[in-house]
Amino acid sequence: MAFRADPPKPAQAAPRLIQRGELLASLDRATAAKVTLISAPAGSGKTSLLRAWADGAGQPYRLAVVQVRRDQQDSQQFWLAVLSAIRQAPGTTGEGEGEGEQLAATPDFNEAAISERVLSELAAHHDRTFLVIDDLHELTSAEALMQLTRLLEKLPQHVHAILATRRDLPLRLHKLRLAGELADIRAADLRFAERETRQFLEASGIALSEAGVARLHQRTEGW
């Protein structure tokens with residue numbers, strides 16, 4: 001399942017992680033919107049941010065996570081992965097349609113019908129739900145992206161979507177933006193603040209003066 005960390009190797013000490021409280025708070029605020037778009041290049045920390053946010057203590061919601069496969073051209077496989085994630089989301093009570101039904105590819109696949117099925121299953125549960133789709137840039141099916149846009153516009157009131165991608169996609173989300181229901185987190189938001197640069201250096205055992213940290217942070221622009 002996505003966001004599952006590999007078990008630590010016994011011979012290695014656990015790494016010291018930088019607590020990015022301000023960034024997590026920014027994501028919390030962004031998720032008040034119907035759709036949150038995290039768009040930044042590879043290595044910017046998108047997935048790490050999602051993992052830290054998902055691991056937050058006492059989060060009162062269901063979490064359905066979809067990790068898009070590399071170069072995913074098969075629209076049917078994408079939607080089956082979305083359905084599976086919704087059904088396996090922690091907190092599922094078994095009230096959704098088709099509970100226990102075997103999910104499998106079929107030759108008579110109907111794109112519009114399956115996106116409506118996804119919408120129906122999301123609506124069947126009344127708990128606050130987050131649908132997280134990571135590596136969305138890997139989805140290359142134009143039809144799947146079009147149906148995803150329609151799904152996002154119709155999400156039930158208690159459902160929110162978080163989309164993580166390396167680049168902007170042809171999702172026509174202007175209606176959501178005009179309605180104030182689209183929030184963005186960009187590469188500039190993911191950069192280290194100077195305080196976090198200092199913490200990172202300290203955790204790595206690198207000693208620099210305050211002026212040295214400031215110069216390094218300025219030259220690296222927080223990366």
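Predicted, not measured: the structure shown is a model, and the values here were computed from it. These values consider heavy atoms only, across backbone and side chains, with no hydrogens, waters or symmetry-generated copies.
A donor-acceptor pair is defined here as one N or O able to donate and one able to accept, closer than 3.5 Å; no such pair exists between the side chain of E181 and the backbone of A33. Put simply, the side chain of S84 never gets that close to the backbone of L80: no donor and acceptor are under 3.5 Å apart. Judged by distance alone, the side chain of T129 and the main-chain N or O of H125 form no donor-acceptor pair under 3.5 Å. Panel note: side chain N110, backbone A113; a donor-acceptor pair is recorded below 3.5 Å. R167 places a side-chain N or O within 3.5 Å of a backbone atom of H137 that can act as its donor or acceptor partner. No donor-acceptor distance shorter than 3.5 angstrom exists from the side chain of S120 to the backbone of E116, with no hydrogens or angles considered. Although no hydrogens or angles enter the test, the distance criterion places no donor-acceptor pair under 3.5 Å between the side chain of T165 and the main chain of D168.
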Test log, rule side-chain contact (heavy atoms from CB on, under 4.5 Å), inputs K34 and L182: CA-CA 6 Å; K34 183 64 65 180; L182 178 63; over 6 Å; no
Intermediate values then yes/no, side-chain contact (heavy atoms from CB on, under 4.5 Å), T36 and L27: CA-CA 8 Å; T36 302; L27 180 53; 4.1 Å; yes
Audit row: K175, E153, side-chain contact (heavy atoms from CB on, under 4.5 Å) steps and yes/no: CA-CA 8 Å; K175 292 182 180 178; E153 290 178 345; 3.6 Å; yes
Check against side-chain hydrogen bond (donor to acceptor under 3.5 Å, both in side chains), R51 and S48: CA-CA 5 Å; R51 284 174 176 166; S48 297; 5.2 Å; no
Residue pair H160, T31: steps toward the side-chain contact (heavy atoms from CB on, under 4.5 Å) verdict: CA-CA 7 Å; H160 305 261; T31 56; 5.6 Å; no
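Using a 4.5 Å heavy-atom cutoff, the side chains of I162 and L131 are not in contact. Using a 4.5 Å heavy-atom cutoff, the side chains of I133 and L148 are in contact. For the pair W79/S115, a side-chain contact is recorded, criterion being any heavy-atom separation below 4.5 Å from C-beta on. You'll find the side chain of L50 stays beyond 4.5 Å of the side chain of V65, heavy atoms only. Put simply, the side chain of W53 does not reach to within 4.5 Å of the side chain of L23, judged on heavy atoms. Side chains of L152 and L173 form a contact here, defined as non-hydrogen atoms less than 4.5 Å apart.
Hydrophobic clustering places L171 together with L155 (ILVMFWY residues linked when any side-chain heavy atoms are closer than 4.5 Å, directly or through intermediates). Taking hydrophobic clusters as Ile, Leu, Val, Met, Phe, Trp and Tyr residues chained together by side-chain heavy-atom distances below 4.5 Å, V66 shares a cluster with L169. One hydrophobic cluster holds both L145 and L119 under the rule that ILVMFWY side chains link at heavy-atom gaps under 4.5 Å.
A distance of 11.0 Å separates CG in L37 from CG in L176, rounded to the nearest 0.5 Å. One distance of note links CZ of R70 with CD of Q72; it measures 12.5 Å at 0.5 Å rounding. R186 CZ to I38 CD1: the interatomic distance, rounded to the nearest 0.5 Å, is 11.0 Å. In this structure, OG1 on T149 lies 8.0 Å from CZ on R172, to the nearest 0.5 angstrom. Here R117 contributes atom CZ and I86 contributes atom CD1; the two are 10.5 Å apart, rounded to the nearest 0.5 Å. Atoms OG and CD1, from S39 and I185 in turn, are 11.0 Å apart once rounded to the nearest 0.5 Å.
The two residues T140 and Q73 come nearest to each other via the heavy atoms OG1-CG, 3.0 Å.
By the 4.0 Å N-to-carboxylate-O rule, R87 lies close enough to E121 to be salt-bridged with it. With respect to R177 and D184, a salt bridge is recorded, a charged nitrogen being found less than 4.0 Å from a carboxylate O.
Between F130 and Y61, the two ring planes are perpendicular [angle over 60°; tilted spans 30° to 60°].
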